[in-house]
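Okay, structure first, notes after.
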Amino acid sequence: MQTALSQEYCKLLHKKLTWFAPGIIVGLMLLMPLTFNDPHWLVMANFGSSQWILLVLVIVGATLFSMEIQHNTILTLLYKAPNRRIIYLAKLIVLFGYNIVLHLFALGLTILFNTLAIGGHANWLTTYQYHQSLLTNTIMTATIDLGMSLMLIGFLFLLSCLLTNNAVVITTSITIVFMGQALSSKLLNEHPQFGSWLKFNPLNMLNLTFQYANYPVYHKLTQLTNGQLLLGTLGYAVLFLWLGNWCFKRRHF
């Protein structure tokens, strides 16, 4: 396992996007004050870093997994590893570790931007949402987003094991990231008779971070509480990761 982890970390650190991504995230976060003028919401939402982190994870994750499958470079790993589960777990651990680093980076930027009063200045100790301090809200948003991004990683891994084209995997995943919430909302609005179970679709779980940061607006769209969204997100994350591992173990290379 240690050897597999070392190989995956080495590949991740040698990818240019791994080092360019933080700069991209900085630029996109700086654009958020142009759209929202509420400093408290900007801080709580980590300057909207969630979607940009998901975008980076899709591209980096696809190159770590689906691109290797497409070009058959994964055969070398299969030959050296005692079983496929180790390869799968190593890729998952490395990508999720990178995910944590990106979230900590975004959290640090949020603290810096607020200190510099970019988009306005908000008091960290102000009681904001859920009768909690703004600081608590901000940390909770980043933590909750880790759960949602884990679900996306699981979906990405499953898609990588099902499809052979890396471009299709990336395009499909990016479409889900940026249009998943809208598609879920459309389904719920057009088929209210099925709302009792349709609201638990995986696309609806992509609203988790946004709903935590703006409950009154997003609760009307999701028709679920924060707790239900969190449980659904973690449930789908486990399901996608298990299915991805199952497909990977049975795929012929």
Side-chain angles (χ1 to χ4, degrees), residues 25-26 28-54 57 96 99-153 177-178 180-182 184-185 188-189 192 195-238:
I25 292 173
V26 171
L28 294 171
M29 287 175 66
L30 285 172
L31 293 177
M32 290 301 293
L34 300 178
T35 308
F36 299 94
N37 56 6
D38 182 352
H40 291 85
W41 185 89
L42 284 171
V43 169
M44 179 178 179
N46 290 281
F47 282 76
S49 61
S50 174
Q51 282 193 317
W52 314 127
I53 290 176
L54 293 180
L57 288 175
F96 190 69
N99 180 28
I100 294 175
V101 171
L102 290 178
H103 277 85
L104 290 175
F105 178 71
L107 186 60
L109 283 177
T110 299
I111 296 173
L112 176 63
F113 290 171
N114 188 48
T115 302
L116 298 176
I118 296 176
H121 180 73
N123 189 329
W124 290 105
L125 300 181
T126 298
T127 300
Y128 194 45
Q129 297 193 35
Y130 309 105
H131 307 291
Q132 299 172 333
S133 69
L134 180 60
L135 177 60
T136 301
N137 285 157
T138 305
I139 295 174
M140 283 297 296
T141 300
T143 304
I144 286 172
D145 197 57
L146 282 173
M148 192 182 73
S149 56
L150 180 61
M151 183 184 74
L152 179 72
I153 292 173
V177 169
F178 289 101
Q181 296 98 326
S184 176
S185 179
L188 290 173
N189 288 332
S196 59
W197 58 270
L198 197 57
K199 61 186 178 182
F200 290 100
N201 74 82
L203 296 178
N204 204 19
M205 304 305 152
L206 293 172
N207 287 299
L208 173 60
T209 304
F210 296 103
Q211 178 163 309
Y212 179 77
N214 197 346
Y215 187 85
V217 173
Y218 280 89
H219 177 60
K220 296 178 182 178
L221 298 175
T222 66
Q223 302 175 27
L224 294 173
T225 64
N226 289 344
Q228 289 173 323
L229 282 175
L230 179 59
L231 288 175
T233 298
L234 295 178
Y236 276 116
V238 173

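Fair warning: this is a prediction, and the values are worked out from it, not measured in the lab.
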Is there a donor-acceptor pair closer than 3.5 Å between any side-chain N or O of [X] and the backbone N or O of [Y]?
X	Y	result
Asn201	Leu198	yes
His131	Thr127	no
Ser185	Leu221	no
Gln211	Leu224	yes
Gln129	Ala213	yes

Is there a side-chain contact between [X] and [Y], using heavy atoms and a 4.5 Å cut-off?
X	Y	answer
Leu54	Met148	yes
Leu206	Met151	yes
Asp145	Asn46	no

Looking at [atom1] of [X] and [atom2] of [Y], how far apart are the two atoms once the value is rounded to the nearest 0.5 Å?
X	Y	atom1	atom2	result
Asn123	Tyr128	CG	OH	13.5 Å
Ile100	Leu107	CD1	CG	13.0 Å
Gln132	Asn137	CD	CG	5.0 Å
Asn99	Leu150	CG	CG	8.0 Å
Leu28	Ile25	CG	CD1	8.0 Å
Tyr218	Leu229	OH	CG	12.0 Å

Flag if over 12 foreign heavy atoms under 6.0 Å of CG, Asn37: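 No - once you tally the heavy atoms of other residues, nucleotides and ligands closer than 6.0 Å, there are 12 at most.
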Worked verdict on Val43 versus Trp124 for side-chain contact (heavy atoms from CB on, under 4.5 Å): CA-CA 9 Å; Val43 169; Trp124 290 105; 3.4 Å; yes
Donor + acceptor pair across side chains of Thr222, Asn207 (<3.5 Å):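 Per modelled atom types, Thr222 and Asn207 side chains form no pair under 3.5 Å.
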Passing option when Asn226 is tested against Tyr215, Tyr212, Tyr130 for side chain to side chain donor-acceptor pair (under 3.5 Å):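 Among the candidates, only Tyr130 passes.
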Worked check of side-chain contact (heavy atoms from CB on, under 4.5 Å) between Ser149 and Leu57: CA-CA 8 Å; Ser149 56; Leu57 288 175; 3.9 Å; yes
How close do [X] and [Y] get, heavy atom to heavy atom, and via which atoms?
X	Y	result
Ala122	Leu134	CB-CD2, 3.5 Å
Ile53	Ala106	CD1-CB, 4.1 Å
Val177	Gln51	O-NE2, 3.5 Å
Ile118	Pro33	CG2-CG, 4.1 Å

Identified side chain to side chain contact (heavy atoms under 4.5 Å, CB included) partner of Phe47 from the options Thr110, Leu31, Val26: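 It is Thr110, the one option of Thr110, Leu31, Val26 that forms the side chain to side chain contact (heavy atoms under 4.5 Å, CB included) with Phe47.
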Working for side-chain contact (heavy atoms from CB on, under 4.5 Å), residues Leu125 and Leu135: CA-CA 7 Å; Leu125 300 181; Leu135 177 60; 5.5 Å; no
Chi angles and distances behind the side-chain contact (heavy atoms from CB on, under 4.5 Å) call for Gln181, Leu203: CA-CA 6 Å; Gln181 296 98 326; Leu203 296 178; over 6 Å; no
